[in-house]
Protein chains: 2
Amino acid sequence: MSANSDDGRRRIKSVDKAFLIIQALREQGNAGAGVTTVADAVGMSKGSAHTYLNTLKQHGVVTEQNGRYRLGLQLLELGEYAKRQNLVYQCAQDPVDEIATRTGELARLVVKEQGYGVYLYKAEGDNAIETTIQPGQREYLHCTSQGKAILAHLSESEVREIVDERGLPARTEDTITDIDELLDELEEIRERGVAFSRSESTRGMRCVASPVHAPDGSVVAAIGVCGPMSRLQGDRFTEEIPDIVRNAANIVEINIQMNRNS
Amino acid sequence: MSANSDDGRRRIKSVDKAFLIIQALREQGNAGAGVTTVADAVGMSKGSAHTYLNTLKQHGVVTEQNGRYRLGLQLLELGEYAKRQNLVYQCAQDPVDEIATRTGELARLVVKEQGYGVYLYKAEGDNAIETTIQPGQREYLHCTSQGKAILAHLSESEVREIVDERGLPARTEDTITDIDELLDELEEIRERGVAFSRSESTRGMRCVASPVHAPDGSVVAAIGVCGPMSRLQGDRFTEEIPDIVRNAANIVEINIQMNRNS
DNA sequence: AACCGCGTTTGCTATTGCCAAACTTATTTA
DNA sequence: TAAATAAGTTTGGCAATAGCAAACGCGGTT
């Protein structure tokens with residue numbers, strides 16, 4: 001009877017369907033899709049799919065050229081806006097730039113959202129590596145140093161909840177895929193104040209990350225450094241860079257607090 | 001009786017309302033808004049607004065922390081995806097970089113979407129100016145060189161349609177605000193192959209832009225250069241840079257064609 | 001020229017979104 | 001500490017509307 005689905009709360013089914021269509025279009029990629037293809041993909045009649053696509057088109061989140069529908073750039077405008085509004089994004093840019101220049105490596109900002117990490121900003125030092133993952137993309141929390149830094153400061157029940165929902169897929173042979181092993185690792189990270197990643201998300205890549213806390217004490221993000229194993233080793237990896245990263249994370253936290261009161 | 005609104009076509013009203021809420025949240029900016037505020041802003045009951053916000057939250061396009069709702073970063077992921085998928089974006093990056101290094105100025109890519117220009121990519125030369133407008137944002141077509149380059153290659157009826165819908169707001173005292181004057185200017189641009197802007201969008205800023213055509217002959221984008229009046233004048237403004245820009249636009253077109261066949 | 005596949009439109013019905021009002025929780029005031 | 005107020009959440013019932021199926025229109029193909 002009731003229009004609910006997940007956790008007993010009511011939902012607007014038409015909105016769900018709209019996002020189902022957006023998802024379907026996304027999976028079609030650059031090729032785009034026609035009305036019939038979309039209708040089949042989401043399991044509705046041609047007529048209905050047509051009405052949805054037209055509505056979405058009016059809002060610019062879908063574009064159409066001679067019968068082929070694709071994702072529209074209005075999404076980018078909204079997304080960029082959301083990014084710029086983000087307080088952590090505003091407060092972390094300078095410290096991340098600083099990390100990049102001081103280490104010469106790639107420095108990144110990842111914020112927590114819905115059990116994922118969203119890669120929001122990067123700064124490239126003189127020797128910065130190129131990564132395949134692009135700003136704006138989500139990544140799993142268990143396989144990156146940034147993600148683990150965030151997980152380490154959540155409660156065990158929150159961690160288990162995220163793992164139950166997202167799983168622990170293996171990115172490389174070194175990815176932690178066991179929940180108990182992960183919890184042990186998080187314990188260490190908490191004591192140390194920085195998280196390491198040794199080829200856990202990409203072979204040959206090492207990272208160091210430190211969490212960023214909101215004024216209320218909850219973790220909201222992590223900043224860190226990524227580089228090749230060849231350069232990130234010894235004291236530089238275990239001492240120098242952790243110090244730089246920890247310090248920068250601290251500055252971000254101060255920036256957030258100051259921005260709060262203004 | 002019928003569920004239509006704009007041009008007789010049916011629409012999904014719930015989807016319209018969802019975007020109304022997104023718009024409302026956007027206007028609240030960084031502060032965010034509570035359920036009641038949103039309900040008032042879009043003119044629906046508290047209960048309904050709550051259901052919508054919860055649905056949108058599930059999809060990540062809205063986030064909530066202790067009762068305050070804001071735009072979510074899922075929008076950024078979708079938007080960045082739409083951008084990366086965009087064929088023109090893929091094909092124009094190298095030529096735009098090239099323009100920037102050869103001129104030392106700011107080079108930009110603007111693609112046409114729904115009667116607006118969407119600023120998708122920039123490359124900064126050694127002396128590049130800083131602009132307030134950010135990648136991902138929309139801009140009017142009548143007041144920028146890039147926009148005029150696009151308009152110049154649409155039919156007069158299409159231009160009139162866009163102007164009717166979006167108007168010709170004045171950005172500076174030099175913005176063209178008269179439709180006939182605009183049409184004359186477009187005529188010149190068509191003959192010349194490049195569009196100029198002299199303080200029409202920002203005081204003291206000059207731009208040169210050239211259109212990019214799809215294989216079917218329609219304009220899809222424009223690339224160009226922006227810089228201070230002090231540097232963009234004389235032959236450099238009217239001859240040298242136009243040559244560079246025209247040439248680069250040509251290369252983009254070739255890239256698009258090649259990508260088409262692959 | 002007839003066919004076929006695709007996109008668009010429309011009438012009718014069952015579904016679902018919506019308001020109002022009750023209920024719950026948090027915050028402020030006395 | 002309690003009362004009062006405000007804000008968020010849930011629910012019943014009715015009216016609105018989303019959805020299908022089927023008809024229509026249109027370009028491309030055999």
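In the text below, chain A, chain B and the rest are named by the order of the sequence lines, each starting its count at 1.
Phosphate proximity of dG17(C) to Thr51(B): absent, as no side-chain N or O sits under 4.0 Å from OP1 or OP2.
Tyr69(B) has its OH atom 9 Å from the C1' atom of dT9(D), to the nearest Å. In this entry the distance linking CG of Asp40(B) with C1' of dA6(D) reads 13 Å, nearest Å. What separates CG of Leu53(B) from P of dA7(D) is a distance of 16 Å, to the nearest Å. Look at CG on Asp16(A): it is 12 Å from C1' on dT16(C), rounded to the nearest Å. Between the P atom of dG17(C) and the CG atom of Leu20(B) lies a distance of 17 Å, rounded to the nearest Å. To the nearest angstrom, C1' of dG17(C) lies 18 Å from CZ of Arg11(B). To the nearest angstrom, P of dA26(C) lies 17 Å from CD of Gln65(B). Note: NE2 (His50(B)) to P (dG17(C)) measures 15 Å, nearest angstrom.
Of the residues near DNA chain C, Ala33(A) and Val15(A), the one whose nearest nucleotide (by heavy atom distance) lies more toward the 5' end is Ala33(A).
When all heavy atoms of Ala41(A) and Ala24(A) are compared, the closest pair comes out as CB-CB, 4.2 Å.
For Glu113(A) (side chain) and Leu73(B) (main-chain N/O), a donor-acceptor pair under 3.5 Å exists by modelled atom type. Using a distance-only test at 3.5 Å, with no hydrogens or angles considered, no donor-acceptor pair links the side chain of Ser14(A) to the main chain of Ser14(B).
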Shorter than 3.5 Å, N or O on both sides, protein versus nucleotides 19-25 of chain D: list them out with atom names.
| residue | atom | partner | partner atom | Å |
| --- | --- | --- | --- | --- |
| dG19(D) | OP1 | Lys17(A) | NZ | 2.5 |
| dG19(D) | OP1 | Tyr52(A) | OH | 3.2 |
| dG19(D) | OP2 | Tyr52(A) | OH | 2.9 |
| dG19(D) | O6 | Arg10(B) | NH1 | 2.8 |
| dC20(D) | OP2 | Ser45(A) | N | 2.8 |
| dC20(D) | OP2 | Ser45(A) | OG | 2.6 |
| dC20(D) | OP2 | Ser48(A) | OG | 2.7 |

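Checked against salt bridge (charged side-chain N to carboxylate O under 4.0 Å, His left out), Arg26(A) has the following partners two or more places apart in sequence or in another chain: Glu77(B).
Between His213(A) and His153(A), the ring planes are perpendicular. Angles over 60° get that label, and only those under 30° would be called parallel.
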Inset, instruction - Tell me, with the steps shown, if Arg108(A) and Glu139(A) meet salt bridge (charged side-chain N to carboxylate O under 4.0 Å, His left out). - result: CA-CA 13 Å; Arg108(A) 302 199 316 150; Glu139(A) 47 191 34; 2.7 Å; yes
